[in-house]
Amino acid sequence: MAQEGGIDIVRDAFRYQNRFSGSKMVIKVDFPVTEDAGFSYLIKDLALVVKSGVKVVVVPGCAEWIDAALLSQNIVCRYAGTERITTQAALPFVEMAAFQAATRFITGLSGSRVDALIGNFVRARACGVIGGVDMLHTGEVDKIFAASLGRVLDFGMVPILPCIGWSPSGKPYNVSSDEIALAVSQSLGAVKLIIVSAGQFLPALEAGGFSIPEFIERGEDGRIIRLRPHEAETLLTLSHYKKFDVERPKWISQLELALRAAESGIERIHIIDGQEEGALLREIFTNLGSGTMIYADEQDLIRPMRSSEVPDVLHLMEPYVRRDILVRRSVDDIQEKKDDYVVLAIDDSIRACGALHDWGEGAAEIAALASDPAFTEMGLGRRIVDYLLTKARKAGFKRAFVLTTRTQDWFEAYGFAETPIDSLPARKRALYNPERKSKAYALDLF
Ligand SMILES: CC(C)(COP(=O)(O)OP(=O)(O)OC[C@H]1O[C@@H](n2cnc3c(N)ncnc32)[C@H](O)[C@@H]1OP(=O)(O)O)[C@@H](O)C(=O)NCCC(=O)NCCS
């Protein structure tokens with residue numbers, strides 16, 4: 001928990017390191033992160049990630065490098081939608097720019113004593129003629145040589161994939177780095193695709209008057225910490241940008257890439273700010289991360305508490321017990337009613353809990369509700385109560401009630417209304433502690 005200082009951050013870091021060691025991650029770095037003064041820090045962090053045992057593939061975004069190279073040669077390329085039509089004249093400069101971008105990583109990682117190599121791991125084929133437009137030397141991914149990539153990764157090396165692919169006869173094609181990042185993530189079974197963007201996702205989103213719908217939850221710092229695919233889709237729809245609009249802001253293509261990756265089975269896609277120092281380490285090794293995670297899996301599950309989790313639940317309640325907001329409970333108190341408790345776990349850490357106690361007379365009490373102070377106002381408390389109320393309805397209870405000293409407004413906002421203590425079931429009334437002066441709030445279930 002944030003209030004308890006750095007030790008929980010250290011615990012998180014070890015836990016994540018343990019979990020991700022040996023797994024594969026693809027990191028797509030958008031321009032102009034590679035040109036930023038902070039790039040050397042990003043490289044150092046990347047090196048630490050590799051040294052912690054994560055197998056990393058880097059895909060540098062090359063579009064702006066190519067634009068600059070072509071401009072210097074006065075070569076003008078047309079576009080089909082957002083796709084550059086790479087002409088014969090442009091191709092050598094496209095290759096040059098792609099390798100230049102990749103070399104920036106080789107140079108940086110050499111300084112951090114991490115072995116890296118630029119390789120021909122992408123087999124490409126011509127995009128051909130699309131809608132009557134010949135795409136010339138613009139290609140698409142035909143195949144990723146995953147076995148070769150795997151061998152390189154097993155040696156602890158970092159493969160860098162420029163935005164070029166080669167046909168079986170050795171013909172080069174300009175392939176979008178987004179497509180490469182997506183295909184590599186899929187064929188390697190990467191646990192994460194990390195999109196390193198220039199700048200923060202949220203301000204980019206809000207620029208130009210785009211307002212984020214209320215139902216999209218934000219962290220204490222206003223950041224969109226996690227997005228489900230359908231929410232990402234809503235943002236894209238609300239943005240009104242067309243799929244092939246060249247003028248569309250970068251966050252649209254980043255979100256589109258993230259969504260496609262999520263749909264293709266990559267469990268977690270992260271968009272982080274490459275100009276923020278330590279963003280990569282925080283995103284991988286801490287629970288709250290630094291950027292925005294798009295996730296397809298049900299990783300924050302509410303489920304019945306396990307016996308082994310009683311100490312975690314007590315730990316979660318402790319700050320509220322100390323402030324006399326919650327009643328102190330012992331291990332035995334909780335064990336005795338263990339089946340009443342539910343927890344909400346994020347990445348195997350318990351971040352919220354609650355219990356539903358049966359007092360007879362068709363009434364159930366919602367109790368021991370607590371959410372981790374570092375994770376408040378993210379809807380976790382509401383989700384626990386939703387879950388408990390559903391459970392109560394399914395069990396046939398007619399009424400849910402809660403005793404509270406400090407949270408009456410929260411329950412009122414939920415629809416609970418104050419009720420006299422006399423209206424509580426007799427068994428609960430017998431145990432009521434008049435000194436605490438708790439108020440009772442109830443909700444009829446139907
Ligand atoms: C009450 C509690 C569970 C809410 O958890 P949470 O995960 O932050 O809940 P949500 O994210 O669903 O709700 C956050 C909203 O509730 C509001 N809120 C939080 N605590 C509140 C309180 N004591 N009174 C009124 N509103 C409160 C927040 O301001 C926020 O409002 P917003 O959505 O308008 O921004 C949490 O603050 C907690 O653990 N409190 C201590 C234990 C407790 O009081 N338990 C209840 C008795 S069993």
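All residue numbers in this chain count up from 1 along the given sequence. Start at 1 and go down the list; that is how both ligands and their atoms are numbered. Just the heavy atoms: all of them, side chains too, but no hydrogens, waters or symmetry mates, feed the values below.
- Within the 4.0 angstrom cut-off, atom 5 (O) of ligand 1 has one or more protein heavy-atom neighbours.
- Q254 and S197 share a donor-acceptor pair across their side chains, judged by distance under 3.5 Å alone.
- Atoms of ligand 1 found under 4.0 Å from any heavy atom of T376 (numbered from 1 in listed order, with element): 8 (O).
- Taking atom 42 (C) of ligand 1 as the reference point, the nearest protein heavy-atom neighbour is L369 O, 3.1 Å.
- In this structure, the protein non-hydrogen atom closest to atom 30 (C) of ligand 1 is E377 CG, 3.8 Å.
- In this structure a side-chain-to-backbone donor-acceptor pair under 3.5 Å is present from S423 to P420.
- Contacts between I325 and ligand 1 below 4.0 angstrom, taking non-hydrogen atoms only, involve the side chain exclusively.
- Annotation: atom 1 (C) of ligand 1 to nearest protein heavy atom, T407 CG2, 3.5 Å.
- Looking at atom 18 (N) of ligand 1, its nearest protein heavy atom turns out to be W410 CD1, 3.4 Å.
- Around atom 39 (O) of ligand 1, the closest heavy atom drawn from S371, G381, A413, A367 belongs to S371.
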Inset, instruction - Kindly determine whether F105 and F39 satisfy ring pair (Phe, Tyr, Trp, His ring centres under 6.0 Å), including the steps that lead there. - result: CA-CA 10 Å; F105 286 87; F39 182 61; 5.2 Å; yes
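- In this structure a side-chain-to-backbone donor-acceptor pair under 3.5 Å is missing from T407 to W410.
- Of the options A352, P373, G379, the smallest heavy-atom separation from atom 11 (O) of ligand 1 is shown by G379.
- Of the possible polar contacts, none joining the D372 side chain to the R351 backbone as a donor-acceptor pair under 3.5 Å is found.
- For R223 (side chain) and G291 (main-chain N/O), a donor-acceptor pair under 3.5 Å exists by modelled atom type.
- Of all protein heavy atoms, the one closest to atom 40 (N) of ligand 1 is Y320 CE2, 3.8 Å.
- Between H357 and W359, the ring-plane angle classifies as perpendicular under the 30° and 60° cut-offs.
- Checking R15 against S349 by side-chain atom types alone, a donor-acceptor pair falls below 3.5 Å.
- The protein heavy atom nearest to atom 12 (O) of ligand 1 is R382 N, 3.0 Å.
- Within the 3.5 Å criterion, the main-chain N or O of A426 finds a donor-acceptor partner in the side chain of E361.
- For atom 33 (O) of ligand 1, no protein heavy-atom neighbour is found at a distance under 4.0 Å.
- The protein heavy atom nearest to atom 23 (N) of ligand 1 is R406 O, 3.3 Å.
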